Amino acid sequence: MEEYEPRTIESKWQRRWEEAKLYRTEADEDSESFYIIFAYPGISGFLHLGHMRCYSYTDFIARYKKMRGYNVLFPAGAHPTGNQVISLAKRVREDDPDIIAYLKANGATDEDILFLDNPDGIIEYFSRSYIKEWKNFGIQINWDHFTYTSREDYSKFIQWQFRKLKEKDLLTQKPYYAPVCKNCGPVAVDPSETDLSKGGNAEIQEYTLLKFKFGNRYITAATLRPETVYGQTNLWVSPEEDYAVVEVAGEEWIMSEAAAQKLLYQMDDVEVTDHIKGEEMIGEKATAPMIHRDIPILPADFTDPDVGSGIVTSVPSDAPYDWIALKELKDNHGLLEKYGLEDIVKDVEPIEIIESEGFGTNPAESIIKEMGITSQNEVEKLEEATQKIYRAGFHKGKMLDISGEYTGMPVQEAKDNIKDDMLDSGEADMFYDLSEEVICRCGTDVVMGKIPDQWFIRYSDEELTEKSKAHAKKMNIKPETYANTLPDTLEWFQDRSCARLGNWIGTRFPMDKRWIIEAIADSTLYPAYYIIAKHYNDDKFQADQMTVEFFDFVYLGKGEISQVSESTGIDIEVLEKVRNDFLYWYPLDINLGGKEHMTVHFPVFLMNHVSILKEEHWPRGILVNWYLTMTGGKISKSKGGAEPIPDVADRFGIDTLRLYYAHSASPFVDKEWDEKEAFTYRKRLGFMWRLINRIKSADGGGSSVDDFLESRFNRLLEKAFSFMDDHEIRKAANVVFYDIPAELEWYFKRGGENSALLDRLGETLIKLTAPFTPHMADELGEMWDIEYVTEEQIPEVRQEAISDAAEGREEYLRSVLDDIRNILSIADVEGDTIHIYVTPSWKKEVLKKALTETEKGMGLMAVLSKELDVPPKKLSGFLRSVLEDIKKNRAAAVSAMALDEMKILQEDKSFIEREFEAEVNVHLASEDVYDPANRKDKAAPGKPAIYIE
RNA sequence: GCGGGGGUAGCCAAGCAUGGCCAAAGGCGAUAGACUCAAGAUCUAUUCCCAUAGGGGUCCGAGGGUUCAAAUCCCUUCCCCCGCACCA
């Protein structure tokens, strides 16, 4: 037997598979199709072990389905849409040392890097790198279908898709607020975003900008709690601050300079025309919105020009900051005197507006007392207090009777109503801001900007939502929890912006060429495109021939083939072939992707199918996989932290890594990468290698253990199939790599050597391993003269071989061994001779009666005592324990009945002797035999008495 | 905030839907032994506590409850984690 050398085997088989083009599959009406994809990767860096988990799962399922008789289509592509590619190229161009180091660490040469200073170079280099990595992992993708989203042909497909959405009235334009860099344009605010140098965790705040009439001008105050307007008592202004006066649509608004600068990006025709010192407003009054009451303007130093408008409306009843500031102001006589505020301030008192559970009607005051806050300098405590009150108020609060038409309304509801009313009456406007400072890579601030005519896909559409929900319920979605939540996700899924202005990679919006379709929107229907991509790759037609009529025909069956052929210049036969391929492969059986897709990609994937394709082409299944993590959190392509794959692959071998993915955790939990653990899988494969060789070298005939092995093997085979069909990858791998081998080991231990049987089961076993560890399977298959195990079918379960009786015998032996071992471990004996006493027949009689007439309970005693010649005391004692056992485990009692224990023990006596290196004597307990310790009375059906000396 | 998922023995991780073969699979680690006497190798056994005869005790985040019987069902409570739209 040769040693297991994974790397040699793996390169050998990968080469052969490639040469034989085993990945290739064609539509074939005679066999059932199975179409599976994984969510293609965006191009933003090298693949790492985290990605490979997802691709490996896809491959396990694809290979398994293939080996179960399906005709499988498993294509792949890449997704360069967006600006990641552009920013990567830019960083290379700028010789960013981090990026250069990252590229080199992953095997890029200096020459490669020269090539990577432009987006096209990046796309080409990385898509090649991805393909190489997939091949290296033995992932059997059908390369004929490969495509990526920046190709001309792909764009034709996307444009068609958007025309269809437009036709169905699912596109709309409306204003939108999104983060923009003042210099570079739109950016994403996200912790993993490489285009930011600061502030990835910032959240978008939606303020209501309240307008207070102040002479001819308006003072503005931004609030997150518009429902508290009824409790306004005053405004807080910083005396030292130099506020800007901004002209907006013929009005003059007062706000901090910083706020004014932000406003420039959110409203049209905004201009700073003047400035006003905070001091000048102190002591004056302004008319508050909604309540139309004049409230005083008071000095405060906690206002921050960078937050909101830099001016705060004060609601001391519900805002701890306001409450404590007001209190401190009242006590600060020096300050009051300075501005002449004594008379004004003494009348300012909190106004109760909301009643919330646990805090009463004056929540700010009660929480401040509760938390012992004494000064506005206790910022942390005040923040916490504010949060607590907000939560209590928002969820459980009710508006008090001061709030006019909103009286009694839950806060949750009142909030939006009050806001909308003020927006309608022009007393307020919207103002967007980021919760913390965000800086672009270029060093410029990121602010919230308005896009007045943003394109949206109308996912809120009721009909679309309902149809999608109904279909989602019919789909095969794993895990179960996601199947349950997807309909809800579809329900709250709102309109989604689908295009953006600026220089991005992607498809031009067909109705308005200024826009580029963004990355989520151009990757929803693409499984349908892979089918066409193959024919485009074969040069059957050019991109400019891919017209609306072409796609309508292929996907929707619209139009006359001859006419379509004429208008597009594509051969009729080609059109027919493409259309038939689509009909054959579609619908998609499984879309497999990471958990990050649950609330983003999968919903739109489904809804676009529902909105555009016919019902029979809507997807059948979704499978979600969780992450492979590394200490320090999620692995990120762009941020590194992951060991380059080639190094890991060399050390462990690909099959080891594949088995690691398959077995170390369920697909539906995050898994921490653990090298030591990976090594144990390397050892496991060594074990499998030797086991299969051992199987092949068997040269014996039949024995009593054969039926057991055959039965157990088929039972486990059935289990493996059912786990695979359920996408319970880990459980299936456990059966194949652990449970079945354990039974084979027992078989050998018991002296099984049936070469015919082992040959057959061994062949099935390597086929079972093939979806997981295909290289090893093919190598081992050579012993069976199989050209490609991975191209074979896994045999069906032989139901007729499954037998409780055959397995019962071995179970019984195992339990006898366990008992002997147990006794040996606690008893102080030599262990040279083992006496085994088999149950007397009357005990079997009792068990039999008890099993058939359990309900009679102890009433059986009378019957049995007549039938059996056994002392009543012994009989009742045994009967009681038998009834107990049956109650606990009826099945075990039944199988104990079926055993011919005497026969089994006598036949397998030598086996027990070998195991314990002892002499074994088997007795019948009912006979007068050697029994110095008086054990034989303990013998019961299925559990012989044992005496060791 | 909205939505979701968890807490099981030294660690990882099954089980929980359909309560009873559950002291609780499997793996890792650890211990002992075998073999080699080099190995992250391989094999065997042990690994909650007590026990010189196959037994007993305690246990599945915490606290209650239902039941003849609960890791599994119900209630309360504490603690962790994850996703959330121009990031793919």
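The figures that follow rest on heavy atoms only: side chains count, while hydrogens, waters and symmetry mates do not. All values derive from a computational prediction rather than experimental measurement. So that the names make sense, note that chain A is the first sequence line, chain B the second, and so on, each numbered from 1.
Comparing G55(B), G26(B), A88(B) against the side chain of K943(A) picks out G55(B) as the nearest. The nucleotide whose nearest atom lies closest to any side-chain atom of T485(A) is, among G4(B), A85(B), C82(B), G4(B). Here G26(B) is the nucleotide among A88(B), A85(B), G26(B) with the atom lying nearest to any side-chain atom of Y738(A). Distances from the side chain of N822(A) to the nucleotides A53(B), G54(B), C12(B) place G54(B) closest. Listed nucleotides C28(B), A88(B), G54(B) differ in distance to T680(A); the shortest reach to its side chain belongs to C28(B). For T481(A), the listed nucleotide lying nearest its side chain is G5(B); candidates were A85(B), A53(B), G5(B). Nearest nucleotide to the I823(A) side chain, out of G54(B), C84(B), A45(B): G54(B). Taking only side-chain atoms of R730(A), from C-beta outward, the nucleotide of A53(B), A13(B), A88(B) with the closest atom is A13(B). You'll find that the side chain of R690(A) is closest to U42(B), out of U42(B), A53(B), A88(B). Closest approach to the S666(A) side chain among A14(B), G54(B), G83(B) is made by A14(B) (side chain taken as heavy atoms from C-beta onward).
Across all strands shown, F493(A) has heavy atoms under 4.0 Å from base atoms, whether or not it also approaches the sugar-phosphate. Within the nucleic acid shown, I820(A) has no heavy atom closer than 4.0 Å to any nucleic acid atom. Across all strands, R935(A) comes closer than 4.0 Å to base atoms (heavy-atom distances). Residue A742(A) is classed as having no contact, given no heavy-atom separation below 4.0 Å to the nucleic acid. Contact annotation for P479(A): no contact, since no heavy-atom pair falls under 4.0 Å across all strands. When heavy atoms are screened at a 4.0 angstrom cut-off, A178(A) is found touching no nucleic acid atom at all. Within 4.0 Å (heavy atoms only), E480(A) reaches no atom of the nucleic acid at all. No engagement by Y482(A) is indicated, since no non-hydrogen atom pair under 4.0 Å with the nucleic acid exists.
Aromatic ring orientation, H51(A) versus H48(A): tilted (interplanar angle from 30° to 60°). Classification of the Y40(A)-Y526(A) ring pair by plane angle, with boundaries at 30° and 60°, yields parallel. Using bins of under 30°, 30° to 60° and over 60° for the plane-to-plane angle, the ring pair Y837(A)/H835(A) lands in the parallel bin.
Within a 6.0 Å sphere centred on NZ of K595(A), heavy atoms belonging to other residues, nucleotides or ligands number more than 12.
Not one N or O on the side chain of N608(A) forms a donor-acceptor pair closer than 3.5 Å with the backbone of T524(A).
Taking the nucleotide of RNA chain B with the nearest heavy atom to each of E745(A) and A939(A), the more 5' of the two is matched to E745(A). Residue order along RNA chain B, read from the 5' end via each residue's closest nucleotide, puts V669(A) first among V600(A) and V669(A).
C68(B) and G63(B): their P atoms are spaced 23 Å apart (whole Å). Annotation: U18(B) and U72(B) have their C1' atoms spaced 11 Å apart (nearest Å). A distance of about 49 Å separates the P atoms of A39(B) and C84(B), rounded to the whole Å. G5(B) and C75(B) have their P atoms separated by 15 Å, given to the nearest Å. Here, G61(B) and G7(B) have their P atoms 7 Å apart, quoted to the whole Å. G15(B) and U8(B) are spaced 14 Å apart, taking the P atom of each and rounding to whole Å. Straight-line distance between the P atoms of G19(B) and G56(B): roughly 26 Å, to the nearest whole Å. Comparing the P positions of G6(B) and C74(B) gives an interatomic distance of 13 Å, to the nearest angstrom.
The ring of F679(A) lies on top of the base of G40(B), close enough and flat enough: under 5.5 Å between centres, under 30° between planes.
N591(A) and H601(A) form a side-chain donor-acceptor contact under 3.5 Å, judged by distance and modelled atom types alone. There is no side-chain donor-acceptor pair under 3.5 Å between Y177(A) and D433(A). Side chains of Y681(A) and H663(A): a donor-acceptor N/O pair is present below 3.5 angstrom, by distance only. Residues D522(A) and T81(A) bring a donor and an acceptor atom of their side chains to less than 3.5 Å of each other.
For the OP1/OP2 pair of A41(B) and a distance below 4.0 Å, the side-chain nitrogens and oxygens of K683(A) include at least one atom meeting the criterion. Note on K731(A): a side-chain N or O is less than 4.0 Å away from OP1 or OP2 of G15(B).
Between E728(A) atom CD and G15(B) atom C1' the separation is 12 Å, expressed in whole Å. Remark: C1' of G27(B) and CG of L685(A) are 14 Å apart, rounded to the nearest angstrom. Note: NE2 (H601(A)) to P (G83(B)) measures 17 Å, nearest angstrom. The distance between atom CZ of F748(A) and atom P of U44(B), rounded to the nearest whole Å, is 13 Å. Distance, E677(A) CD to C12(B) C1': 6 Å, rounded to whole Å. When rounded to the nearest whole Å, the span between CG of L817(A) and C1' of A45(B) equals 13 Å. Note: NZ (K938(A)) to P (G54(B)) measures 5 Å, nearest angstrom. For the pair W746(A) CH2 and C43(B) P, the computed distance is 17 Å after rounding to whole Å.
Nucleotide G19(B): unpaired (no Watson-Crick or G-U wobble partner with both distances less than 3.5 Å). A 3.5 Å limit on both hydrogen-bonding distances identifies G10(B) as the Watson-Crick or G-U partner of C28(B).
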